[in-house]
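In listed order, ligands and their atoms are each counted from 1. None of these values were measured; they are calculated from a predicted model.
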Amino acid sequence: MDKKVTLKTLQSMKGNQNVVMITAYDALFASLFDDHVDVILIGDSLNMSFAGKPDTLSATMDQMIYHTQAVGMGAKKSFLLVDMPFGSYMDKKQALKNAVRVYQETSADAVKIEGGKEKADIVRHLTDNAIAVFGHIGLKPQNARSEGGYSVKGKNEEEKQSIIADALALQEAGAVAIIIEGVKSDVATEITATLTIPTIGIGAGNGVDGQVLVWSDLLGLFEAFVPKFVKTYIKGGNLVRDAVKQYASEVKNGIFPNENFRY
Ligand code: KIV
């Protein structure tokens, strides 16, 4: 087994090697991904992909802890990053209480918080209390309802300057890395060149320090909508449907189990 990926590993990769991140919500898939990625994100996207909800907003702390424990059983070497769900870090006290829960009840290495300068004091409070924090700027899925949907950021000078200020405020507050989601690639590239901490992009082009994709998007299993930035490496939905269809047909027709599958 390769050595455990730590914060030091990730920091040393900046400028040298791209960071590979994928989401996972359970032990089985985490164990399949573990050899090939640096970071596994237990994202609150599980509320959509796993729980079937329309957005991430109703994910709870209990859910995040449960899924992080499961991923921790399957992943032996990847760095484990867990999303703080919507409503779990509304002020410093609440954020610390919930982040401490993450460290005490799971094997997560860091927590992730959506937000920029407006969350800098919360990030500082967590890092001052020995919690490693990833920021998440640009398109923030937890803002989907308050902003009336999802939209790419950094399309004009004002937005660009605002995102750059977010990134700098988070770095200053002690964030150890930043996810940049749904941001014009030239803006993400500029942020990456400005910061000393790693940037991980999703829909932010190629000029960042690493990439993250949601596992069920990458495997073509989440079919409700496929954003432009998602590359589906296999048509997982079709593969699963075909396999189950064949199984059902073989059972109905008495073909399975034949003598090869009997005691
Ligand atoms: O919840 C999630 O999966 C995420 C990624 C989209 C970065 O935050």
Residue [X] vicinity, atoms of ligand 1 by number, heavy atom under 4.0 Å:
X: Gly43; value: 1 (O), 2 (C), 3 (O)
X: His136; value: 8 (O)
X: Ile202; value: 6 (C)
X: Val214; value: 3 (O)
X: Leu41; value: 2 (C), 3 (O), 4 (C), 5 (C), 7 (C), 8 (O)

Indicate yes or no: does an N/O atom of [X] lie under 3.5 Å from an N/O atom of ligand 1?
X: Glu181; result: no
X: Lys112; result: yes
X: Asp83; result: yes
X: Ser45; result: yes

Just checking, any donor-acceptor pair under 3.5 angstrom between side chains of Arg101 and Asn98? no
Asp217 versus Thr232, side-chain donor and acceptor atoms under 3.5 Å: no
Looking at Lys76 and Asp34, does any basic side-chain N land under 4.0 Å from a carboxylate oxygen? no
Same cluster (ILVMFWY, side-chain, under 4.5 Å), Ile65 and Leu57: no
Counting only heavy atoms closer than 4.0 Å, does ligand 1 sit against the backbone of Asp44, its side chain, both, or neither? both
